[in-house]
Enquirer: 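The structure follows.
Residue numbers run from 1 in the order of the sequence given. What you see is a predicted model, and the numbers here were worked out from it, not measured in a lab. Worth knowing before you read on, the calculation uses all heavy atoms, side chains too, and leaves out hydrogens, waters and symmetry mates.
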Amino acid sequence: MAARYAQGTKTGLLVGWLVLMPVAAARPPAPGPSSEPPSGTPAAEGRVIDRVVAVIGTQVLTLSELEFEARVTLVQRGGVRAAEVQLDEQTLRGALELAINQRLLVAGADRLQAFQAERSEVEARLRTFRDRFEDETSLLAFLARHDADLEQLTAVLERSVRAERILDSRIRLRAQVSEAEVRRYWEEHKGTLGGPFEAVRDTLKEKLFRERYNQLAKDEFKLVRESARIRRVAPFARIREGEP
């Protein structure tokens, strides 16, 4: 089943979706020995341990959740080392767009009780994720660093699988490219492509499919968001003037 969606969904779900920064950065640094407030004081009791990033419909998304989901995506795309790099504000914003898109797609499917993730798909995704690590101990250490466990990891992967299936069901057929379109593109660009049509046909067809899929995905997300209630709380999450 996963192979069925591999061609289109990987491209479609890359639209505007990136990742973020360590959980520790979301928390205030521990005060030094001389300034540490005594136990039971208002300062100690009021210490911030997490922050709301956005409210998507009725779902509250915290910074720690967003960071963990982004780290999972980094591991899937770039390996374990990529998941530990310092993440800037732009990357945080990209991760938030991914989180919003996934949650809106899944929430819509939940209302219709549709597009449940097949257990085999989720298990396959989890196995692939495990394989990124040297051993189980390394995986558990990664989870511990981000205050997560296997259940949370599985939930993140399951939502990703469902979102991919939902998106794919809506736009894959419309993203198909005809032989005539491929031929026309080749005629218009053959001076720079090199080689006869048959030699580049498959590559061109895949390129045109990906481009169309990505554009349709953007259009679909825009449509889904039009009727959604999204409140961006964190400063980095707010849409700036001139942005779509």
Enquirer: At what distance, to the nearest 0.5 angstrom, does CD1 of I166 lie from CG of N101?
Expert: 11.5 Å

Enquirer: Give a yes or no on this: more than 12 heavy atoms of other residues, nucleotides or ligands lie within 6.0 Å of atom CD of Q113.
Expert: no

Enquirer: Give a yes/no verdict on a cation-pi contact between R183 and F197, requiring under 6.0 Å between NZ or CZ and the six-membered ring centre and an angle within 45° of the axis.
Expert: yes

Enquirer: Distance check, rounded to the nearest 0.5 Å: I230 atom CD1 versus Q59 atom CD?
Expert: 11.0 Å

Enquirer: Any side-chain heavy-atom pair from V55 and L61 closer than 4.5 angstrom?
Expert: no

Enquirer: Any chance the side chains of T62 and E65 put a donor and an acceptor closer than 3.5 Å?
Expert: yes

Enquirer: How are the rings of H146 and F68 set relative to one another: parallel (under 30°), tilted (30 to 60°) or perpendicular (over 60°)?
Expert: tilted

Enquirer: Ignoring hydrogens and angles, state whether a donor on the side chain of S178 or E181 is under 3.5 Å from an acceptor on the partner side chain.
Expert: yes

Enquirer: Evaluate whether atom CD of E226 has more than 12 neighbouring non-hydrogen atoms of other residues, nucleotides or ligands under 6.0 angstrom away.
Expert: yes

Enquirer: Are R81 and E84 within salt-bridge range, i.e. N to O under 4.0 Å?
Expert: no

Enquirer: More than 12 non-hydrogen atoms from neighbouring residues, nucleotides or ligands closer than 6.0 Å to CD on E136, yes or no?
Expert: yes

Enquirer: Between R125 (side chain only) and T154 (backbone N and O only), is there a donor and an acceptor less than 3.5 Å apart?
Expert: no

Enquirer: To the closest 0.5 Å, what do you measure between CZ (F221) and CD1 (I100)?
Expert: 11.5 Å

Enquirer: Are side-chain heavy atoms of E211 and N214 found at a separation under 4.5 Å?
Expert: no

Enquirer: I'd like to know if the side chain of R132 reaches the main chain of V75, judged simply by a donor and an acceptor atom lying under 3.5 Å from each other, with no hydrogens or angles considered.
Expert: yes

Enquirer: Between D110 and R162, is the salt bridge (Lys or Arg N to Asp or Glu O under 4.0 Å) condition met? List the steps.
Expert: CA-CA 10 Å; D110 282 343; R162 290 189 68 192; 2.9 Å; yes

Enquirer: Decide, yes or no, whether a salt bridge links E164 with R159 under the criterion of side-chain N to carboxylate O below 4.0 Å.
Expert: no

Enquirer: If you measure only the distance, is there a donor-acceptor pair under 3.5 Å linking the side chains of Q215 and D219?
Expert: yes

Enquirer: Using only heavy-atom distances, determine whether the side chains of D135 and S138 contain a donor-acceptor pair under 3.5 Å.
Expert: yes

Enquirer: To the nearest 0.5 angstrom, please state how far the CG atom of L204 sits from the CH2 atom of W186.
Expert: 10.0 Å

Enquirer: So, the side chain of R174 versus the backbone of R170: is there a donor-acceptor pair under 3.5 Å, distance only?
Expert: yes

Enquirer: Determine whether a donor-acceptor pair (N or O, by modelled atom type, separation under 3.5 Å) exists between the side chain of T73 and the backbone of E69.
Expert: yes

Enquirer: Below 4.0 angstrom, N of the basic side chain to O of the carboxylate: do E97 and R225 qualify?
Expert: yes

Enquirer: Show your working on side-chain contact (heavy atoms from CB on, under 4.5 Å) between F115 and D168 and close with a plain yes or no.
Expert: CA-CA 11 Å; F115 292 102; D168 210 52; over 6 Å; no

Enquirer: How long is the span from the CG atom in L216 to the CZ atom in F209, to the nearest 0.5 Å?
Expert: 9.0 Å

Enquirer: Roughly how far, to the nearest 0.5 Å, is the CZ atom of F133 from the CG atom of L140?
Expert: 9.5 Å

